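What follows is a set of notes on a single structure, which appears directly below.
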Amino acid sequence: MNAHRFGGRSLRTRLLLFITAVLIVVCAAMALTTVFAQRAYLLGNLDDRVTNAAERSLGGASLHPDLASDLTFLNESGHPAGMLAARLDADGNVLAAATVGQDAPPQRLSDAQTAVLSGVRTDGRFHDRTVPGLGTYRITALQNHGVRVLTGLPMDDVQDMIGGLVVIEAVVAAAGLTAAGVGCAVVIRRQLRPLGRVAATAVEVSHAPLCRGEVAALTRVPERDTDPGSEAGQVGAALNRMIDHVESSLAERQRSEEQVRRSEERMRRFLADASHELRTPLASIAGYAELMNRGTDRIEPGLAWRRVTAESARMTGLVEDLLLLARLDEGRPLQSAEVDLAALVAEAVWDARAAGGGHDWQLELRLDASPLVLGDEARLHQVVANLLANARVHTPAGTRVLATVEARDGLGTVRVRDDGPGIPPELLPTVFERFTRADTSRARATAGTGSGLGLAIVAAITAAHGGRIRVRSEPGRTEFTVELPLTGDLGADALTWSSRASLR
């Protein structure tokens with residue numbers, strides 16, 4: 001429980017308590033060392049004086065060895081005031097004892113006082129004895145030819161000096177600890193101030209609504225609190241790195257969510273457009289079937305079956321286009337063989353001339369190398385055919401459509417350009433998306449044709465062959481450019497073609 005309470009305190013408090021405890025231990029150790037050293041020094045001096053007094057007393061008592069209780073040697077001058085002396089028998093019992101007074105004759109000790117002095121051996125060792133009414137004495141006992149004398153000096157001076165030293169050290173230690181505690185508190189507060197700012201930044205970041213909406217720039221730890229040379233700076237720098245990581249993760253999450261949202265919107269739009277495109281021929285088929293069920297007098301059977309067949313073919317083409325886009329989206333491999341772009345584009349232009357005789361169809365070949373690409377010939381033919389059909393459907397009769405084939409720098413390039421009214425600028429960014437139409441600004445040659453998948457199929461097939469497609473459009477000039485990688489060594493046996501054909 002105590003450990004839990006201590007651990008729950010702030011770092012500032014724990015540091016202050018720890019430093020205070022260390023200072024108290026250090027001060028106590030120093031004080032005790034000083035007291036014991038001073039006490040040992042004072043006792044050493046006192047022991048020397050006790051020894052000198054004992055030897056002098058023993059010398060005086062040795063003058064009358066036959067008088068066992070004789071203490072007349074205490075009458076001699078030079079004995080320190082308060083000195084205690086006693087004559088002992090062989091068993092250590094006190095035969096007579098007295099103290100030396102200041103300018104007064106020696107005073108005999110009472111039985112209670114002498115009882116305290118009994119049992120001291122005459123071996124020269126020092127003992128502390130508290131004599132009732134006189135205080136604590138430092139005593140020793142010596143003998144010489146059967147004469148035994150016990151001598152002692154009062155310890156009041158030593159005890160008073162030690163007590164005073166303890167009081168002084170306690171006062172000094174208390175004052176020093178107080179000053180040190182205040183100083184440490186100030187220093188710790190200032191040194192931990194960066195950690196406080198780091199903690200405030202972390203709290204502010206924790207209050208940010210990261211779970212919803214767009215996340216604005218999160219607060220960072222100030223640069224002054226990110227110094228790697230200090231622990232607080234390392235924490236601040238680590239927090240900034242974590243915030244950077246959080247921001248990048250949130251940005252990536254938002255981008256992913258936006259992509260998912262756009263993908264869902266495209267999917268919903270795609271399903272709606274596909275449903276609309278399929279509903280029209282289905283409604284026509286159902287209408288003609290209903291007319292046939294009501295009788296041949298309402299509609300000619302041949303006409304009804306022709307219209308049903310046409311709408312079925314239209315719906316079949318739409319479904320096949322959707323299936324093709326799905327297979328390309330899945331990355332299914334296409335057939336791979338060498339395809340001559342020049343022959344493929346020439347064939348597609350002839351087919352377009354047959355379908356749209358009202359346009360001026362032209363073919364131009366600018367070849368510095370053999371225009372061979374590796375890919376699926378049928379799908380590549382579909383790319384060119386769709387581009388030509390797009391020009392035919394969305395431009396008026398008499399429009400000039402030029403198909404150009406180039407082969408240089410390792411790329412086979414097919415360009416389809418017309419001088420029609422152009423694509424509206426707002427439609428250009430989405431022209432290759434599925435079910436995109438330009439009916440509002442480019443007149444169709446035949447009403448009801450086109451599903452908005454042609455250019456989407458062109459872009460998907462081109463990407464599947466490792467190529468790219470671009471479009472530029474302005475009134476009077478619209479140009480689609482398809483680039484595909486050529487096969488083989490283009491510089492070894494390059495063929496030089498230069499021809500221009502008018503196919504109108």
Side-chain angles (χ1 to χ4, degrees), residues 1-19 22 184-271 325-333 426 428-434 436 456 459-460 462-470 483 485:
M1 180 65 70
N2 292 335
H4 177 71
R5 290 179 180 176
F6 183 78
R9 299 178 185 270
S10 66
L11 178 60
R12 182 183 297 112
T13 302
R14 283 184 286 169
L15 283 176
L16 187 57
L17 291 177
F18 177 75
I19 293 175
V22 171
C184 288
V186 173
V187 172
I188 290 173
R189 181 181 295 274
R190 294 189 62 180
Q191 294 300 318
L192 292 184
R193 197 170 295 167
L195 274 182
R197 291 192 291 266
V198 171
T201 302
V203 171
E204 186 173 351
V205 171
S206 68
H207 291 163
L210 304 180
C211 60
R212 62 184 183 276
E214 292 187 3
V215 180
L218 300 177
T219 305
R220 296 293 196 283
V221 178
E223 186 176 355
R224 60 176 177 171
D225 297 330
T226 57
D227 182 11
S230 65
E231 288 77 6
Q234 294 173 6
V235 174
L239 180 60
N240 279 351
R241 289 193 296 271
M242 184 188 72
I243 293 174
D244 292 339
H245 178 68
V246 169
E247 278 193 343
S248 61
S249 299
L250 290 175
E252 183 63 29
R253 186 199 69 183
Q254 291 176 353
R255 285 194 295 270
S256 300
E257 291 176 352
E258 183 65 19
Q259 291 176 355
V260 170
R261 186 183 63 81
R262 291 176 181 174
S263 179
E264 290 177 350
E265 290 179 357
R266 287 195 299 268
M267 180 60 67
R268 286 193 294 268
R269 187 170 65 250
F270 173 78
L271 292 176
L325 287 173
R327 285 194 295 268
L328 293 175
D329 288 342
E330 292 176 359
R332 294 185 183 181
E426 65 275 9
L428 278 176
T430 60
V431 72
F432 294 111
E433 293 184 3
R434 297 167 190 185
T436 298
T462 302
H465 284 80
R468 63 175 182 171
I469 183 170
R470 302 189 304 273
E483 294 179 344

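Note that this is a predicted model, so its numbers are computed, not measured. Heads up: numbering here begins at 1 and tracks the sequence. The figures here come from the full heavy-atom set of this structure, side chains too, leaving out hydrogens, waters and symmetry mates.
The minimum heavy-atom distance linking Cys184 with Leu16 is given by the pair CB-CD1, 4.1 Å. Closest non-hydrogen pair, Pro485 versus Gly466, comes out as CD-O, 3.9 Å.
To the nearest 0.5 Å, the span separating CZ on Arg253 from OG on Ser248 amounts to 12.0 Å. Taken from CD in Glu257 to CG in Leu250, the straight-line distance is 9.5 Å, to the nearest 0.5 Å. With rounding to the nearest 0.5 Å, the separation of NE2 in His245 from CG in Asn240 is 14.5 Å.
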Exercise for review: Give the intermediate values and the outcome of side chain to side chain contact (heavy atoms under 4.5 Å, CB included) for residues Leu239 and Met242.
Suggested key: CA-CA 5 Å; Leu239 180 60; Met242 184 188 72; 3.3 Å; yes
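Residues passing the side chain to side chain donor-acceptor pair (under 3.5 Å) test with Glu258, sequence neighbours excluded: Arg261, Arg262. Under the rule for a side chain to side chain donor-acceptor pair (under 3.5 Å), the partners of Arg470 that lie at least two apart in sequence or sit in another chain are Glu483. Qualifying side chain to side chain donor-acceptor pair (under 3.5 Å) partners for Arg220, counting only residues two or more places apart in sequence or in other chains: Asp244, Glu247.
Environment of CD in Glu223: sparse, with no more than 12 heavy atoms of neighbouring residues, nucleotides or ligands closer than 6.0 Å.
In this structure, the side chains of Ile19 and Ile188 come closer than 4.5 Å at one or more pairs of heavy atoms.
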